[in-house]
Engineer: 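Questions regarding the structure given below will be posed in turn.
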Number of protein chains: 2
Amino acid sequence: MNKKVSLKDIAKAVGVSTALVSYVLNNKEKEARVGKQIAEVIRKKAAELNYQPNQIAKSLKSGKSFTIGLIVADISNPFFANIARTIEDEAKKNNYTVIFGSSDENAEKSQDLMDVLIKRQVDGFIIAPTEHTEAQINYLNASNIPFVLIDRYFPEIKTNYVITDNFKAAYQATSHLINNGYKRIAMIAYKSNLIHMQERIKGYTMAIKDHKVKSVKPLLFEVAYDHAELEIQKQIESLINGGQTIDALFFATNTLSIYGLKFLNNKRLKIPDDVAIVCFDEGDAFDFFYCPLTYVKQPLIEVARQAVKILVNQISHPKQDETQVLLDSDLIIRESSRKTK
Amino acid sequence: MNKKVSLKDIAKAVGVSTALVSYVLNNKEKEARVGKQIAEVIRKKAAELNYQPNQIAKSLKSGKSFTIGLIVADISNPFFANIARTIEDEAKKNNYTVIFGSSDENAEKSQDLMDVLIKRQVDGFIIAPTEHTEAQINYLNASNIPFVLIDRYFPEIKTNYVITDNFKAAYQATSHLINNGYKRIAMIAYKSNLIHMQERIKGYTMAIKDHKVKSVKPLLFEVAYDHAELEIQKQIESLINGGQTIDALFFATNTLSIYGLKFLNNKRLKIPDDVAIVCFDEGDAFDFFYCPLTYVKQPLIEVARQAVKILVNQISHPKQDETQVLLDSDLIIRESSRKTK
DNA sequence: ATATAATGTTTAAACGATTAAGTTAAAATT
DNA sequence: AATTTTAACTTAATCGTTTAAACATTATAT
């Protein structure tokens, strides 16, 4: 690579010290009382050489990298990809750049990522934390490294977070099914102690308990993240074969929905006649599944916006109290959960 | 933020010079003939203080940031999100971190992104270049900054690139429709001079010309990136109302497919009976549209892998010749383009 | 005329790490 | 005993920037 143009090169070309060049290019002419003519000459030379300040050197000096570390489960998951995009845009507005990494819901990978990003001196983190990463979060707290959790959080740890009301959303979704006449409503969720999943499960369970329709009992199936597709197939298969008839299915995430719906298609089950469906999260697919799908629409953009806002604020005012934001989701009702006759 | 632990801190705590600490922690004890005992002490202290080397300082010294800049049109587009994920994984294997940015197919944003990333001293770029960014690419070439183009490239500029054979894929897709008996095949593409789009259009046009079925004429509709959804609706609307009957539609990208299919659904057009469909790229949706969709499956993972491989190689051996990779796509044939009776 | 102030510029230290070169003391060789 | 070698460590320069402090001039005030 060609040697890049540095302050020194400009200084030499113009015949002044690097200090002067620095002052001028940082618009500190007044404070530093730089001469008008020479400032112009410096500016011209900088433009002529297409000088691009070395952000790394700046960061070293200032102790600020203007970088945000983003850790999500999987950047290729549309849910996180969408959040990432908004975070990118909002970060840019504040002159921050985003470095991202996918944890795959794996605590060890999450730790590795955190280390890499800390070494790179990110000014703060936005994290969708994985199970068993409490220690990592505690470490950030202890080190006073600013961070904001999204999507999930740890109730026992005091942190910033921006999440949606998962209990409420799941309760609402389940109630909607019940009110529409469905009696055997199953839920497919991830096997996870993470709060967002637990809250969704609680919302589902509570809704079923609250509506004192005798025939409606919770039917919860939990699948492992790493073999979700296979386990879903098995669960649904056994549901069908086992004579355990269900009339509605509530999927706890977009990925689960996709796996499940694919398999239901395979099995020639018709929605909503054979089984009604409600999904969590969006997917382009949901709009034009043969039967438009009812789903919980989380305010992704708002989550991302608030997270960046809180983080940037925290970075510039470190002594702030923790900010916790709970956002509401919308239940988008469509054909897949229509009233039984 | 708590002051971070530096080499100096360890040196002071142990009572040696920073040089010694650096040698030990970089496993250069032999070359530097560091004492066995003291090396142990240093290592222990480093672990005890949870020392994380400051990558920024390293980068400044070494002139290498071990960072790859990734510029795509939109990270929230599944096509790019998937590529991004593979790039992330492959980069990590080579100790690189990825900084990303979305250009929104806008040359100015692309330029801004490039500047930001250059200031951050990325060691190289992976770019899905936007229209009118020839100057930016030329600049990279002139500055000897390593980079690899993906998805698109500029035929008149000598660069590394990894792309798929868009002409072939489109030709194949169109021929498939013709062979299955469709006679009025329209294509919806982006209004763009970018090679990937032009090749897809050429493939379509050529296939139609080659198959000397008189009744088959090219019917090409080009929509602007910024108002794609609306324009597609208008185009399809006018196709329907204008009495210009079509019996098949070929969408040039996943996003176009989604917009188009949504609208076809709205208009109650049945696939494939009213109109057959072939799409470019994947989407979860394509698996379980009421009528499983025929689509061109690009080897995304391979594109990303090769791109990282070429880039990393180029970074370490700058004088290399340009590498150009052309990959084949698969046409996944399903119900949406089945034979007419 | 001389002290003081204002103006314009340079010097040098610092950020945290690396590393060639220098120093010192002990061990080996003559 | 004098010299050389080896081992174990330190010094100091460097990467590109920032910025307080120092240093010259020239202008203004007394």
Side-chain angles (χ1 to χ4, degrees), chain A residues 1-43 45-46 49-67 118-123, chain B residues 1-43 45-46 49-67 118-123:
Chain A
M1 197 180 331
N2 290 350
K3 228 318 277 349
K4 293 207 178 117
V5 179
S6 74
L7 278 188
K8 215 190 266 181
D9 299 321
I10 300 177
K12 205 180 292 171
V14 176
V16 294
S17 69
T18 61
L20 214 51
V21 180
S22 173
Y23 287 130
V24 171
L25 298 183
N26 287 295
N27 300 310
K28 300 205 172 147
E29 304 167 62
K30 276 152 228 158
E31 300 95 299
R33 300 171 314 216
V34 180
K36 271 221 159 204
Q37 322 66 244
I38 200 75
E40 260 331 288
V41 176
I42 288 171
R43 248 186 262 281
K45 191 50 102 177
L49 298 178
N50 189 28
Y51 168 69
Q52 305 272 26
N54 184 326
Q55 178 63 39
I56 289 207
K58 278 192 172 187
S59 296
L60 181 60
K61 188 80 225 298
S62 67
K64 268 208 75 176
S65 66
F66 277 98
T67 303
I118 287 176
K119 283 178 199 152
R120 288 179 183 269
Q121 311 296 118
V122 296
D123 292 331
Chain B
M1 200 179 332
N2 290 350
K3 215 25 212 353
K4 293 210 179 114
V5 179
S6 72
L7 278 189
K8 215 191 269 181
D9 299 321
I10 300 178
K12 205 181 291 172
V14 177
V16 294
S17 70
T18 62
L20 214 52
V21 180
S22 172
Y23 287 131
V24 171
L25 297 183
N26 288 296
N27 301 310
K28 299 204 173 149
E29 304 167 59
K30 276 152 230 159
E31 300 96 299
R33 300 173 311 216
V34 179
K36 270 222 160 203
Q37 323 64 248
I38 200 74
E40 262 328 290
V41 176
I42 288 170
R43 248 185 262 282
K45 191 50 103 180
L49 298 178
N50 188 28
Y51 170 69
Q52 306 272 27
N54 183 326
Q55 178 65 38
I56 289 207
K58 279 192 174 186
S59 297
L60 181 59
K61 186 81 221 301
S62 67
K64 266 208 76 177
S65 65
F66 276 100
T67 302
I118 287 176
K119 283 179 199 152
R120 287 178 182 270
Q121 311 297 117
V122 297
D123 292 331

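We name chains A, B, ... by the order of the sequence lines, and we start the count at 1 in each one.
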Engineer: Do the side chains of B/Gln121 and B/Thr67 get nearer than 4.5 Å, heavy atoms only?
Structural biologist: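 A side-chain contact under 4.5 Å is absent here.
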Engineer: Remember a base hit wins even if backbone is also touched, and classify B/Ile38 as base, sugar-phosphate or nothing at under 4.0 Å, heavy atoms.
Structural biologist: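 Sugar-phosphate only.
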Engineer: Think B/Asn54 has a side-chain N or O under 4.0 angstrom from the OP1 or OP2 of C/dC15?
Structural biologist: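 Negative; the distance criterion is not met.
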Engineer: Between A/Lys28 and D/dT18, is there a contact of a side-chain N or O with OP1 or OP2 at under 4.0 Å?
Structural biologist: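 Result: no.
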Engineer: Give a yes/no on whether any side-chain N or O of B/Ser22 is located under 4.0 angstrom from OP1 or OP2 of C/dA17.
Structural biologist: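 False: B/Ser22 side-chain N/O out of range (4.0 Å or more) of C/dA17 OP1/OP2.
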Engineer: Counting N and O atoms only, with roles assigned by atom type, does the side chain of A/Ser22 sit under 3.5 Å from a partner on the main chain of A/Thr18, one being a donor and the other an acceptor?
Structural biologist: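 Absent.
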Engineer: Got a sec: does the NZ of A/Lys8 have more than 12 other heavy atoms crowding it under 6.0 Å?
Structural biologist: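 Counting other residues, nucleotides and ligands, NZ of A/Lys8 stays at 12 neighbours or fewer.
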Engineer: For A/Ser6, which contact category applies under a 4.0 Å heavy-atom criterion: base, sugar-phosphate, or nothing?
Structural biologist: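 Contact class for A/Ser6: sugar-phosphate only.
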Engineer: Mapping B/Ala57 and A/Lys36 onto DNA chain C by nearest heavy atom, which one lands closer to the 5' end?
Structural biologist: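 Result: A/Lys36.
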Engineer: Mind calculating the distance between CD (B/Glu31) and P (D/dA8) to the nearest angstrom?
Structural biologist: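 In whole Å, D/dA8 P and B/Glu31 CD are 14 Å from each other.
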Engineer: So, under a plain 3.5 Å distance rule, would you say the side chain of B/Tyr23 forms a donor-acceptor pair with the base of C/dA20?
Structural biologist: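 Under the 3.5 Å cut-off, the side chain and the base do form a donor-acceptor pair.
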Engineer: Nearest-Å distance, NZ (A/Lys8) to P (C/dT11)?
Structural biologist: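 Distance check: A/Lys8 NZ to C/dT11 P gives 13 Å.
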Engineer: When the nearest nucleotide of DNA chain D is assigned to B/Leu60 and to B/Gly35 on a heavy-atom basis, which residue is associated with the more 5' position?
Structural biologist: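 Upstream on the strand: B/Gly35.
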Engineer: What closest approach, in Å, do A/Gln55 and A/Ser65 show between heavy atoms, and which atom pair accounts for it?
Structural biologist: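 Looking at all heavy atoms of both residues, the shortest contact is NE2-O, 4.0 Å.
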Engineer: Could you state the NZ-P distance from A/Lys64 to C/dA14, rounded to the nearest angstrom?
Structural biologist: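 Between P of C/dA14 and NZ of A/Lys64: 24 Å.
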Engineer: Whole Å only: how far is the CG atom of B/Asp123 from the P atom of D/dC15?
Structural biologist: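 Going from B/Asp123 (CG) to D/dC15 (P), I get 18 Å.
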Engineer: Between atom NZ in A/Lys12 and atom C1' in D/dG16, what is the gap in whole Å?
Structural biologist: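 That distance rounds to 13 Å.
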Engineer: Below 3.5 Å, does any donor atom in the side chain of A/Lys61 face an acceptor in the base of D/dT17, or the other way round?
Structural biologist: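 Under the 3.5 Å cut-off, the side chain and the base do not form any donor-acceptor pair.
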Engineer: Between A/Leu7 and A/Leu25, is any pair of side-chain heavy atoms under 4.5 Å apart?
Structural biologist: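 In contact.
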Engineer: Please determine, for the side chain of A/Leu7, which listed nucleotide (D/dT18, D/dA8, D/dA22) has the closest atom?
Structural biologist: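 Minimum distance to the A/Leu7 side chain belongs to D/dT18.
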Engineer: Which residue is it: B/Ile10, B/Val21, B/Asp9? I am looking for the one with a side chain to side chain contact (heavy atoms under 4.5 Å, CB included) to B/Tyr51.
Structural biologist: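 Passing option: B/Ile10.
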Engineer: Using whole Å, report how far NZ of B/Lys3 lies from P of C/dC15.
Structural biologist: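 B/Lys3 atom NZ is separated from C/dC15 atom P by 7 Å.
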Engineer: To the nearest Å, give me how far apart CD (A/Glu29) and P (C/dT7) are.
Structural biologist: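 Atom-to-atom, A/Glu29 to C/dT7, this comes out as 15 Å.
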Engineer: Please pick, from D/dA8, C/dT18, D/dT10, the nucleotide with the shortest atom-to-atom distance to any side-chain atom of B/Arg33.
Structural biologist: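 Side chain of B/Arg33 sits closest to D/dA8.
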Engineer: Below the 4.0 Å mark, does C/dC15 have OP1 or OP2 next to a side-chain nitrogen or oxygen of B/Lys4?
Structural biologist: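 B/Lys4 to C/dC15 OP1/OP2: no side-chain N or O under 4.0 Å.
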Engineer: If you check the A/Val16 side chain, which of C/dT10, C/dT18, D/dG16 turns out closest?
Structural biologist: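 Of all the options, the side chain of A/Val16 is nearest to C/dT10.
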Engineer: Without decimals, in angstroms, what is the distance between A/Gln121 CD and C/dA17 P?
Structural biologist: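 Value for this atom pair: 8 Å.
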